[in-house]
Engineer: 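Provided herewith is a single structure, encoded as structure tokens, for subsequent inquiry.
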Amino acid sequence: MISLSRIKTAFFHIRLGCRKTQTIVRHLSISVRLHSDSVDYDQILVSRIRNFSIIAHVDHGKSTLADRLLELTGCISARAGNKQVLDSLQVEKERGITVKAQTASLLYKHDGESYLLNLIDTPGHVDFSNEVSRSLSACDGVILLVDANEGVQAQTVANFHLAKSKQLVIVPVLNKIDLKNARPEAVAQELFTLFEIDPEEILRISAKLGTGCEAVLQAIVKRLPAPDARRDANLRALIFDSWFDRYRGALNLVYVKDGSVCIGQEIASCHTGKAYEVRSLALLRPGEEQVGRLVAGQVGLLGCNMRTSKESNIGDTLFLKKDKTCEALPGFKPQQPMVFAGVYPSDQSQHPYLKGAIEKLMLNDSAVTVTPDSSPALGQGWRLGFLGLLHLDVFSQRLQQEYDAEPILTAPSVTYKIKLKGAKIIAAHGGNEIIHVSNPALFPEKSLVEEYYEPFVLGTIIAPTDCTGPIIGLCVERRAIQKTSINIDNDRVMTTYLMPLNEIVLDFHDQLKSISSGYASFDYEDHGYVASALVRMDVLLNGQLVEELCSVVHISKAHLHARELVLKLKEMIPRQMVQIAIQAVVNGKVVARETLKAYRKDVTAKLYGGDVTRRMKLLKQQSDGKKKMRSIANINVPKDTFINVLKR
Ligand code: GDP
Ligand code: MG
């Protein structure tokens with residue numbers, strides 16, 4: 001088993017290692033404030049506030065545009081050479097992707113009036129769509145940013161529909177018009193074909209050079225409505241993000257829908273009923289700028305000495321304790337995790353530390369679910385649920401970078417739904433006829449089961465027309481069923497497929513990218529459960545079951561998989577002192593088998609007498625090697641076997 005940061009797999013639109021930074025700065029304080037000293041933010045009328053997000057496919061330039069808007073409004077200095085200022089997590093800098101949505105309050109003068117524009121930068125990746133969705137709940141409009149070179153891509157479609165479903169005003173913007181190959185006319189036509197966006201409404205900019213960015217600010221002021229907020233009402237503030245500060249406890253990012261809140265006032269949570277004293281209030285510009293009061297329409301940071309991560313609930317409404325009660329604002333629909341993996345401390349003594357680190361990170365990433373789990377080889381740990389594989393990978397990387405934790409992760413799997421058979425079996429499962437299983441080792445065998453169901457997704461693929469053949473081939477191999485197909489223009493098609501999540505979780509996106517030379521984009525949404533002929537495949541090493549290597553496969557693929565699996569294991573497990581039988585078993589029958597021959601001799605055995613140091617050195621090398629191994633049934637298996645073996 002390995003830390004997942006090492007697998008370069010699935011869903012990556014990322015550019016690895018392009019920007020390095022050693023520091024993790026949550027909200028950068030290097031910003032140079034140009035003209036914010038004497039502003040009374042709470043004097044800005046609700047009618048002069050605009051709350052908006054930038055949404056786009058990854059790499060279309062959201063963070064770059066955010067930088068330009070920060071500069072144009074004097075939040076940061078252009079000369080400071082700040083790059084993607086809002087991407088402050090280390091993993092974001094390194095990969096050039098945005099993981100957390102971030103907020104910045106901008107002051108903008110228009111027609112002699114001061115406007116307060118609250119910009120929320122969102123991640124574009126499907127795994128983080130809950131971040132996008134949450135950010136949008138504080139917004140009245142969005143900038144839909146499309147790369148004029150790449151054109152509409154899969155997440156552009158998903159994000160457009162998300163914004164539309166929330167009835168937000170959409171300001172369409174084409175970016176990167178400075179590029180030689182930019183084709184603004186053609187892309188404007190795509191926007192019309194797919195979304196019926198009037199080409200006249202579309203702004204054309206270069207976020208990199210700053211061309212046209214002022215017009216974006218003007219469009220926000222002119223086209224977006226002011227927030228529907230009332231200052232004369234009782235306080236209602238929606239928590240839409242939170243994170244943990246070592247000294248101040250949980251900090252809440254709130255959107256003040258009604259009323260106002262001052263430092264020193266007592267507030268209470270609708271969700272828990274607990275009361276707190278407000279200790280700090282700040283606007284994010286994008287560094288914290290302390291204020292004495294937050295008023296309706298504003299987005300700001302509220303600290304109230306919440307000691308544990310659990311007290312701050314995203315989607316919760318805060319009100320003034322003296323008002324006794326309040327009607328909660330609509331919260332958020334919790335997102336269902338799609339991918340699960342076991343997480344274990346590399347050494348059991350690290351268990352309490354890892355537990356604390358996971359809890360703190362979960363506060364910052366509310367989409368992760370956790371349940372205690374244990375394994376014979378790995379001891380006590382947890383089974384964590386993620387929205388997708390990139391989400392899992394980013395979470396494990398953040399555990400390492402922000403908390404210095406080195407957990408072991410098992411191969412990811414999805415959650416199956418199972419209808420049990422017979423009163424006895426149902427009674428043994430606490431009277432539940434339907435159970436959910438996310439750990440393949442616990443997948444019940446056919447005799448106990450009426451029906452198995454697996455999760456399906458509706459996938460959208462946008463790709464060049466000439467890749468159609470190979471893409472259909474890949475999708476058929478992954479048991480996908482084509483639903484629709486639309487020509488976006490002469491060169492590109494958008495196709496939707498119903499596909500089993502199980503088939504895309506590990507490497508579908510990698511494969512798609514490679515057969516389309518990087519041109520295809522992919523996005524998916526949940527499509528519920530479908531009855532399916534599934535079986536559990538067990539792996540035995542010298543007759544002993546290796547739980548961590550269990551997997552669930554479709555029956556049509558069981559034999560093929562079994563063959564591939566035993567061959568791969570034979571390659572991956574180093575030869576040992578004894579012969580090893582590797583067997584794959586389905587429904588109690590061995591369907592594939594390989595034998596790994598034993599070493600002939602102990603290489604250190606003949607080194608005796610004068611050669612003590614060489615013998616010691618060799619023994620040390622051997623024991624160092626073993627540390628990277630897991631011992632299963634007295635057989636040393638390299639930690640990364642557990643994930644590598646499942647990749648195709
Ligand atoms: P995000 O993933 O949407 O936040 O995209 P980024 O802001 O990180 O930008 C992705 C890449 O596109 C970066 O390398 C930017 O420098 C580049 N980029 C952004 N805007 C422009 C532009 O207007 N012109 C050009 N040529 N490159 C741009
Ligand atoms: Mg970004």
Side-chain angles (χ1 to χ4, degrees), residues 11-21 28 52-72 75-76 78 80-104 119-129 131-132 135-136 142-160 162-163 171-184 187-188 202-217 286 390-391 394 509 513 518-519 521-523:
F11 313 134
F12 287 1
H13 307 259
I14 54 176
R15 309 178 308 280
L16 282 164
C18 39
R19 285 181 289 274
K20 272 235 158 157
T21 173
L28 294 166
F52 70 103
S53 254
I54 307 175
I55 56 173
H57 190 84
V58 70
D59 270 359
H60 282 204
K62 286 179 302 291
S63 305
T64 307
L65 176 60
D67 282 356
R68 290 300 87 73
L69 300 184
L70 287 165
E71 283 167 16
L72 281 170
C75 269
I76 56 170
N82 290 314
K83 284 274 158 62
Q84 275 95 352
V85 177
L86 294 186
D87 289 349
S88 56
L89 298 178
Q90 189 178 357
V91 15
E92 293 178 327
K93 298 269 182 207
E94 285 183 5
R95 294 183 161 190
I97 55 168
T98 306
V99 172
K100 286 294 295 175
Q102 302 262 347
T103 297
L119 155 67
I120 297 168
D121 187 34
T122 67
H125 194 274
V126 51
D127 279 10
F128 306 105
S129 65
E131 291 281 333
V132 182
S135 315
L136 294 188
V142 295
I143 295 173
L144 178 70
L145 195 65
V146 183
D147 186 323
N149 182 32
E150 300 283 343
V152 172
Q153 286 184 296
Q155 286 153 37
T156 319
V157 182
N159 284 329
F160 172 82
L162 194 60
V171 179
V173 178
L174 297 184
N175 188 26
K176 308 198 189 180
I177 54 163
D178 61 294
L179 287 178
K180 203 167 82 240
N181 297 331
R183 9 172 229 115
V187 178
I202 302 174
L203 303 177
R204 287 151 196 225
I205 67 163
S206 163
K208 191 169 179 181
L209 305 181
T211 324
C213 294
E214 181 79 34
V216 174
L217 289 170
L390 178 61
H391 186 205
V394 164
H509 200 250
K513 282 274 173 201
Y519 285 112
S521 60
F522 176 65
D523 199 352

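The residues of the chain are indexed from 1 along the displayed sequence. In listed order, ligands and their atoms are each counted from 1.
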Engineer: For ligand 1, which part of Lys176 has a heavy atom less than 4.0 Å away: the side chain, the backbone, both, or neither?
Structural biologist: both

Engineer: Within this structure, what is the CZ-CD distance for the pair Arg68 and Glu214, rounded to the nearest 0.5 Å?
Structural biologist: 13.5 Å

Engineer: Looking at Lys62, which atoms of ligand 1 are within less than 4.0 Å of one of its heavy atoms?
Structural biologist: 1 (P), 2 (O), 3 (O), 4 (O), 5 (O), 7 (O)

Engineer: Side chain, backbone, both or neither: which part of Asp59 has a heavy atom under 4.0 Å from ligand 1?
Structural biologist: both

Engineer: Which atoms of ligand 1 are found less than 4.0 Å from any heavy atom of Leu179?
Structural biologist: 26 (N)

Engineer: Minimum heavy-atom separation for Phe160 to Ile55, with atom names?
Structural biologist: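 The pair with the smallest heavy-atom distance is N-CD1, 4.4 Å.
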
Engineer: Would you say Ile177 has any N or O atom under 3.5 Å from an N or O of ligand 1, going by distance alone?
Structural biologist: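 No: no nitrogen or oxygen of Ile177 is under 3.5 Å from one in ligand 1.
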
Engineer: With no hydrogens and no angle check, is any side-chain donor or acceptor of Asn159 less than 3.5 Å from a backbone partner on Ala56?
Structural biologist: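 It does hold such a pair.
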
Engineer: Are a donor atom and an acceptor atom from the side chains of His60 and Gln153 found within less than 3.5 Å of each other?
Structural biologist: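 Checked: His60/Gln153 side chains pair up, N/O donor to acceptor below 3.5 Å.
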
Engineer: For Asp178, counting its heavy atoms only, list the atoms of ligand 1 lying under 4.0 Å from any of them.
Structural biologist: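 What qualifies from ligand 1 is 22 (C), 23 (O), 24 (N), 25 (C), 26 (N).
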
Engineer: Looking only at non-hydrogen atoms, which of Ile205, Thr64, Thr211 approaches atom 9 (O) of ligand 1 most closely?
Structural biologist: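 Nearest heavy atom to atom 9 (O) of ligand 1 lies in Thr64.
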
Engineer: Could you state the interatomic distance from CD1 (Ile54) to CG (Leu144), rounded to the nearest 0.5 Å?
Structural biologist: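 The CG atom of Leu144 is 11.0 Å from CD1 of Ile54, to the nearest 0.5 Å.
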
Engineer: Does Leu136 form a side chain to side chain contact (heavy atoms under 4.5 Å, CB included) with Leu162? I'd like the steps, not just the answer.
Structural biologist: CA-CA 9 Å; Leu136 294 188; Leu162 194 60; 4.1 Å; yes

Engineer: Between Gly61 and ligand 1, does any nitrogen or oxygen pair lie at a separation below 3.5 Å?
Structural biologist: yes

